[in-house]
Amino acid sequence: MKYVDEYRNNDQVQSLLRAIRQVTTQPWHIMEICGGQTHAIARYRLEELLPREIHLLHGPGCPVCVTPVALIDQALELAGQPSVILASFGDMMRVPGTKEDLLQAKAHGADVRMLYSPLDAVELAEAYPDKEVVFFAIGFETTAPVHMMALKEAQRRKLPNFSLLTSLFTVPPAMEAILSDPECKVDGFLTAGHVCAITGNTAYHKLAERYKTPMVVTGFEPVDLLYGIYRCLLQLENGSHFVENAYKRVVPEEGNPAARRLMDETLEPCDQEWRGIGLIPGSGLQLKKEYANYSSREKFPFHPKGAEISSRCIAGDIMRGIKQPSDCPFFGKACSPERPVGAPMVSSEGVCAAYYKYM
């Protein structure tokens with residue numbers, strides 16, 4: 001398959017591994033920021049192929065994993081109301097809240113629907129005019145435009161019973177939070193190619209210069225990832241620190257102007273809580289006041305009751321690059337995909353689930 005097979009080609013992989021070995025002279029810590037990249041690294045066992053001097057760290061690039069417990073509890077409270085249909089992507093169904101998850105709420109009688117697209121929630125709202133259809137809109141800059149397309153479609157159809165419970169995150173502030181952490185181990189970043197395809201690279205240029213840290217825009221196949229690691233190592237070994245686009249077949253420098261215009265029209269930055277990490281200023285996106293009538297927060301006020309992530313879960317340390325899944329005493333024992341303690345074991349893009357499945 002074009003644009004897939006050639007990026008899984010063994011000869012290309014071996015060539016890049018030889019180049020990486022030749023250029024590496026000292027230990028380096030490189031963080032891939034995206035959960036999809038983490039999944040591919042685990043699936044293809046890339047860490048085992050790299051020189052022992054290269055340490056890969058796994059960032060907070062899984063929106064399911066970083067959605068805070070209080071927001072899960074808010075979704076559960078909404079789902080418990082007889083007038084509400086709560087719709088969500090499937091990977092949110094088993095993320096634990098304080099007492100239960102959405103799948104358990106559904107088993108207890110709540111009207112919870114698993115959908116493949118937020119546009120399906122618009123169809124639900126039209127089909128059930130006597131119900132408030134709330135779509136649990138999670139994601140980074142990659143999926144935010146899709147959620148906003150659903151909002152605009154509901155607006156076009158004049159549907160008063162459609163709303164979004166947003167859990168939208170932006171990547172650059174999280175990277176800055178990691179880099180400014182006194183415990184930071186990160187020497188260089190592989191940035192998420194699909195995020196940059198929407199936003200462009202401007203924010204990353206500023207970060208690379210401010211923190212003197214190389215950042216390479218990278219894809220998701222083995223050759224993409226190894227090439228990104230190689231280009232990052234060249235910068236580290238040469239003492240350089242700039243943004244390099246190693247995923248040009250997908251990512252233009254300016255991103256996707258139409259998607260950015262839609263986001264600018266409907267969303268504004270806000271402070272955002274990241275599960276296991278804490279509050280990161282300016283790292284979230286919320287609906288602008290002009291679209292408040294599509295916000296479930298406006299229609300159904302919620303007062304969190306101090307929900308906390310399990311003290312057993314070290315997901316925050318893992319996603320900040322301080323620890324690895326193997327450092328957790330519960331990994332694969334008390335915590336598994338069947339009985340997850342933390343969100344990174346639930347999501348298919350969560351680092352713990354990827355390690356459990358492949359490593």
Side-chain angles (χ1 to χ4, degrees), residues 2-4 7 32-37 59-63 89 116-122 135 137-157 162 164 166-176 189-210 214-221 224 227-228 231 242-272 280-295 349:
K2 189 170 178 59
Y3 299 127
V4 175
Y7 293 95
E32 84 282 351
I33 200 67
C34 174
Q37 293 168 332
C62 167
F89 293 137
Y116 293 100
S117 166
L119 290 170
D120 293 337
V122 177
F135 187 78
I138 72 158
F140 289 101
E141 298 97 328
T142 317
T143 52
V146 180
H147 299 313
M148 295 307 105
M149 287 174 62
L151 181 154
K152 296 294 285 186
E153 179 62 16
Q155 184 183 54
R156 187 187 71 80
R157 298 189 193 187
F162 173 86
L164 298 173
T166 56
S167 180
L168 300 174
F169 304 83
T170 55
V171 174
M175 293 171 65
E176 183 161 19
F189 276 104
L190 305 182
T191 70
H194 55 355
V195 171
C196 296
I198 298 295
T199 65
N201 299 325
T202 300
Y204 300 94
H205 289 293
K206 297 174 182 177
L207 280 177
E209 180 59 33
R210 184 179 306 146
M215 299 182 182
V216 181
V217 184
T218 311
F220 302 88
E221 298 297 337
D224 286 320
Y227 183 61
R231 299 306 304 183
F242 56 89
V243 176
E244 180 173 356
N245 188 353
Y247 198 35
K248 291 183 179 179
R249 72 181 188 276
V250 172
V251 179
E253 177 64 24
E254 71 281 4
N256 185 321
R260 288 167 54 195
R261 282 194 298 271
L262 178 59
M263 292 167 64
D264 290 342
E265 176 190 347
T266 54
L267 296 167
E268 62 186 5
C270 63
D271 297 342
Q272 178 66 47
I280 301 178
S283 65
L285 294 169
Q286 64 184 7
L287 292 175
K288 288 184 174 180
K289 291 181 179 179
E290 301 93 298
Y291 295 93
N293 55 321
Y294 293 102
S295 169
E349 291 192 350

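What you see is a predicted model, and the numbers here were worked out from it, not measured in a lab.
- Contacts of Arg231 classified as side chain to side chain contact (heavy atoms under 4.5 Å, CB included), with partners at least two apart in sequence or in another chain: Val216, Tyr227, Leu234, Glu244.
- For the pair Tyr294/Leu151, a side-chain contact is recorded, criterion being any heavy-atom separation below 4.5 Å from C-beta on.
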Self-check item: side-chain contact (heavy atoms from CB on, under 4.5 Å) between Ile33 and Phe189, intermediate numbers included
Solution: CA-CA 7 Å; Ile33 200 67; Phe189 276 104; 4.0 Å; yes

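- Ion pairing between a basic and an acidic side chain is recognised when a charged N comes within 4.0 Å of a carboxylate O; Glu176 and Arg210 show such pairing.
- In this structure Glu265 satisfies the side chain to side chain donor-acceptor pair (under 3.5 Å) test together with Lys152, Tyr291, sequence neighbours excluded.
- Residues forming a side chain to side chain contact (heavy atoms under 4.5 Å, CB included) with Asp120 (at least two apart in sequence, or on another chain): Leu115, Tyr116, Ser117.
- Looking at Thr218 and Tyr247, their side chains never come closer than 4.5 Å, going by heavy atoms from C-beta outward.
- To the nearest 0.5 angstrom, Phe89 atom CZ is 4.0 Å from Phe135 atom CZ.
- Separation of the His194 and Phe220 ring centroids falls under the 6.0 Å cut-off.
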Tabulate below the donor-acceptor pairs under 3.5 Å that side-chain atoms of residues 196-208 make, not counting sequence neighbours, or state none.
{"unit_1": "Thr199", "atom_1": "OG1", "unit_2": "Val195", "atom_2": "O", "d": "3.2"}
{"unit_1": "Asn201", "atom_1": "ND2", "unit_2": "Glu253", "atom_2": "OE1", "d": "3.0"}
{"unit_1": "His205", "atom_1": "NE2", "unit_2": "Glu253", "atom_2": "OE2", "d": "2.8"}

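- Between the Ser283 side chain and the Phe169 main chain, no donor and acceptor come within less than 3.5 Å of each other.
- For Arg157, the side chain to side chain donor-acceptor pair (under 3.5 Å) criterion is met by Glu123, Glu126, Glu153, not counting sequence neighbours.
- Using a 4.5 Å heavy-atom cutoff, the side chains of Met148 and Leu287 are in contact.
- Counting only residues at least two apart or in different chains, side-chain hydrogen bond (donor to acceptor under 3.5 Å, both in side chains) contacts with residues 137-149 are absent.
- Residues passing the side chain to side chain contact (heavy atoms under 4.5 Å, CB included) test with Pro281 are Asp271, sequence neighbours excluded.
- Contact of the Pro118 side chain with the Val146 side chain is registered, since non-hydrogen atoms from C-beta on lie closer than 4.5 Å.
- Taking Thr266 as the reference, nothing meets the side chain to side chain donor-acceptor pair (under 3.5 Å) condition, with sequence neighbours excluded.
- With contacts defined as side-chain heavy-atom distances shorter than 4.5 Å, the pair Ile138/Leu168 does not qualify.
- Salt-bridge formation is not detected for the pair Asp264/Lys288: no Lys NZ or Arg NE/NH1/NH2 atom is positioned less than 4.0 Å from an Asp or Glu carboxylate oxygen.
- Listed by chain and residue number, nothing satisfies the side chain to side chain donor-acceptor pair (under 3.5 Å) test with Gln37 (two or more places apart in sequence, or in another chain).
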Practice problem: Take Leu262 and Met149, measure what side-chain contact (heavy atoms from CB on, under 4.5 Å) needs, and give me the verdict at the end. | Solution: CA-CA 8 Å; Leu262 178 59; Met149 287 174 62; 3.7 Å; yes

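- Using a 4.5 Å heavy-atom threshold, the side chains of Leu285 and Thr170 count as touching.
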